[in-house]
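Here the structure comes first, spelled out in structure tokens, and everything after it is commentary.
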2 protein chains.
Amino acid sequence: MARRARGTSAGLDRHRIATAAVALVDRDGLERFGVRRLADELGVDPMSIYHHVKGKAALLDAASEAVLHEVEIGAAEASDDWAEIARRTAHGYRAVACRHPRVFPLVVVRARTSPVTVAAVERLVTAMRAAGLPDRVVADTPGVLFGFLNGHLLARTGEGPEVPAPVGEFDAAAHPTTAALAPLLSDVGSVAEFDRLLDTVLAGIRVSAASG
Amino acid sequence: MARRARGTSAGLDRHRIATAAVALVDRDGLERFGVRRLADELGVDPMSIYHHVKGKAALLDAASEAVLHEVEIGAAEASDDWAEIARRTAHGYRAVACRHPRVFPLVVVRARTSPVTVAAVERLVTAMRAAGLPDRVVADTPGVLFGFLNGHLLARTGEGPEVPAPVGEFDAAAHPTTAALAPLLSDVGSVAEFDRLLDTVLAGIRVSAASG
DNA sequence: GCGGTAAGTTCTACGCCGTAGGTTTGCCGG
DNA sequence: CCGGCAAACCTACGGCGTAGAACTTACCGC
């Protein structure tokens, strides 16, 4: 990769760097990611990157932030049904997780409290409160919903086997019930499964509101 | 650290190595973990470790496996109430996550399908089936339960601020509902909060069974 | 006893990594 | 035309994971 002369601009900025970082992680995985590889990808000296991003950690932050910005709520405000808002938010979140499976672990452990997330939470809790749900339940909802989303999507988008079943190969004789249930888990990772599980969680929130 | 002569035994084995790895990650964090540091800790040459564990990745696998083995179900079999079994399993899992907060991310992304997990799942689904819950719901339960557990505990045991609120500092004016709810989130990270959220999830499973 | 063998440990070396510090270059206001 | 500045580059350092070889010891059939 031929480098430019010393003073000429490479057109680097934080956004371009973050985008390239996401692409690189998507292609090669988190393990292989590094400042030098990213610099190669950008046709740039490694140290040039440091003029826009503080270090590798900040680089990963920028990447996960960029991915999070891709989330589209999809006209969530058009509805005032809180469950519908929750479902659309969840599906938007799932879509990015599937689009960037190798960056998603970064999103989970890093960019909490991102503006995007905060805004989504605000929309959801506002709708729930307007619907008259108890504050206790409304306040707990983000924790349970994003807890489920992060954990589930992490399991379903991981680097594991092609279809990472919740329970992989196992001794069928020692675990008869699991074995008997296995046929029902044929759609692991599908939208249908995601919807079923999500509805279970939302149902829990609903009955907590009714019985609390 | 004085090394022993070349042929003398260092008393290394997989278990001792895994234990030391867990201790090292607990103390210094994942970022600082490395084969050389672990070797120093064990008073041993780095390469000696490679005769018992294949490489760094396998080392991390061993560490997360060791942590997972610490989970105690706590007489879960004494009860035949599936919800009680789920609660005890969840609390055992949480206890480990709190005891080893810096190893837990490893447990989440790696040791899925560990024997310990598989056995716990088998106990749970067997009890649920015996209680007459629909197979569809029983089969989906591990996914929703461990999805929630992994995601939630990851958020609550992360390296973030002292009290990693689900929504950190934010513009109170721009997010009035979240701000209004903030006082209700004073117990973030506590067992009480964990119990509330867990009960919400279990309630969802229960009503799915009733209405499915 | 004794030579042979296998296992466990250490040594050496290679290529890669993140990044601190210094150098070069083009641009732009004066 | 010039002086400063921002942006990019170059060099270098210490640390990393680990392949391969060298060495020491324990053990076993004889």
Side-chain angles (χ1 to χ4, degrees), chain A residues 1-25 27-64 102-103 105-106 109-110 159, chain B residues 1-25 27-64 102-103 105-106 109-110 159:
Chain A
M1 175 77 63
R3 298 275 156 77
R4 85 211 72 266
R6 257 188 166 172
T8 69
S9 167
L12 280 186
D13 59 21
R14 205 186 151 81
H15 185 265
R16 218 165 88 76
I17 291 175
T19 303
V22 169
L24 185 56
V25 174
R27 170 149 53 81
D28 292 351
L30 265 179
E31 312 257 300
R32 305 252 173 233
F33 177 81
V35 181
R36 289 169 132 103
R37 298 177 108 93
L38 179 60
D40 268 6
E41 210 70 19
L42 288 165
V44 136
D45 184 274
M47 291 316 287
S48 298
I49 294 177
Y50 280 72
H51 279 263
H52 303 267
V53 182
K54 278 165 79 107
K56 190 186 187 184
L59 212 46
L60 295 174
D61 282 339
S64 60
R102 321 180 100 149
V103 190
L106 238 46
V109 318
R110 289 180 129 79
E159 318 252 331
Chain B
M1 175 78 61
R3 298 276 155 76
R4 87 210 73 263
R6 258 189 166 174
T8 69
S9 165
L12 280 186
D13 60 22
R14 208 186 147 81
H15 185 264
R16 218 165 89 75
I17 292 174
T19 303
V22 169
L24 185 55
V25 174
R27 171 150 54 81
D28 293 351
L30 265 179
E31 312 258 298
R32 305 253 173 231
F33 177 81
V35 181
R36 289 168 132 104
R37 298 176 107 94
L38 179 60
D40 268 6
E41 211 69 19
L42 287 164
V44 139
D45 184 273
M47 292 315 289
S48 299
I49 294 177
Y50 279 72
H51 277 261
H52 304 268
V53 182
K54 279 164 82 101
K56 191 186 187 184
L59 213 45
L60 295 174
D61 282 339
S64 60
R102 319 178 101 147
V103 189
L106 238 45
V109 319
R110 291 180 126 80
E159 317 253 330

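Order of the sequence lines sets the chain letters (A, B, ...), proteins ahead of strands, with each chain counted from 1. All of these numbers come straight from a predicted model, not from anything done at the bench.
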Given C/dT19, D/dC9, D/dT18, which nucleotide is nearest the side-chain atoms of B/Tyr50? D/dT18
From CD1 of A/Ile49 across to C1' of D/dC10 the rounded distance in Å is 15 Å
For B/Arg32, answer base if it contacts any base atom (sugar-phosphate contacts may also be present), sugar-phosphate if it contacts only those atoms, and nothing otherwise; contact means non-hydrogen atoms under 4.0 Å. nothing
Taking only N and O in the side chain of B/Arg36, is any of them less than 4.0 Å away from OP1 or OP2 of D/dT18? no
Are A/His51 and D/dC9 close enough that a side-chain N or O sits under 4.0 Å from OP1 or OP2? no
Just wondering, do A/Arg37 and A/Leu24 contact through their side chains at under 4.5 Å, heavy atoms? yes
Side-chain N or O of B/His52 closer than 4.0 Å to phosphate OP1/OP2 of C/dA7: no
Rounded distance (Å) that lies between atom P of D/dT24 and atom CE of B/Met47: 19 Å
Whole-Å distance, B/Ile17 CD1 to C/dT9 P, equals 8 Å
Would you call B/Phe33 and B/Leu38 a side-chain contact if the rule is heavy atoms closer than 4.5 Å? yes
Quick one: A/Leu38 CG to C/dT19 C1', roughly how many Å, whole number? 15 Å
Side chain A/Arg16, main chain A/Gly11, donor-acceptor under 3.5 Å: yes
Tell me whether the OP1 or OP2 atom of D/dC16 has a side-chain N or O from B/Arg37 closer than 4.0 Å. yes
Over how many whole Å does the gap from B/Leu12 atom CG to C/dT10 atom C1' extend? 12 Å
Would you say B/Ser48 reaches C/dT10's phosphate, i.e. side-chain N/O to OP1/OP2 under 4.0 Å? yes
Take the protein atom CG of B/Asp45 and the nucleotide atom P of D/dA19, then report the distance between them rounded to whole Å. 14 Å
Can you confirm whether B/Leu30 sits close enough to B/Arg102 that some side-chain heavy atom of one is under 4.5 Å from a side-chain heavy atom of the other? no
In whole Å, I'd like the distance from the CZ atom of A/Arg16 to the C1' atom of D/dA8. 13 Å
Whole-Å gap separating P (C/dG18) and CG (A/Leu59): 9 Å
Salt bridge (Lys or Arg N to Asp or Glu O under 4.0 Å) for A/Arg27 and A/Glu41? Distances and angles first, verdict last. CA-CA 12 Å; A/Arg27 170 149 53 81; A/Glu41 210 70 19; 2.3 Å; yes
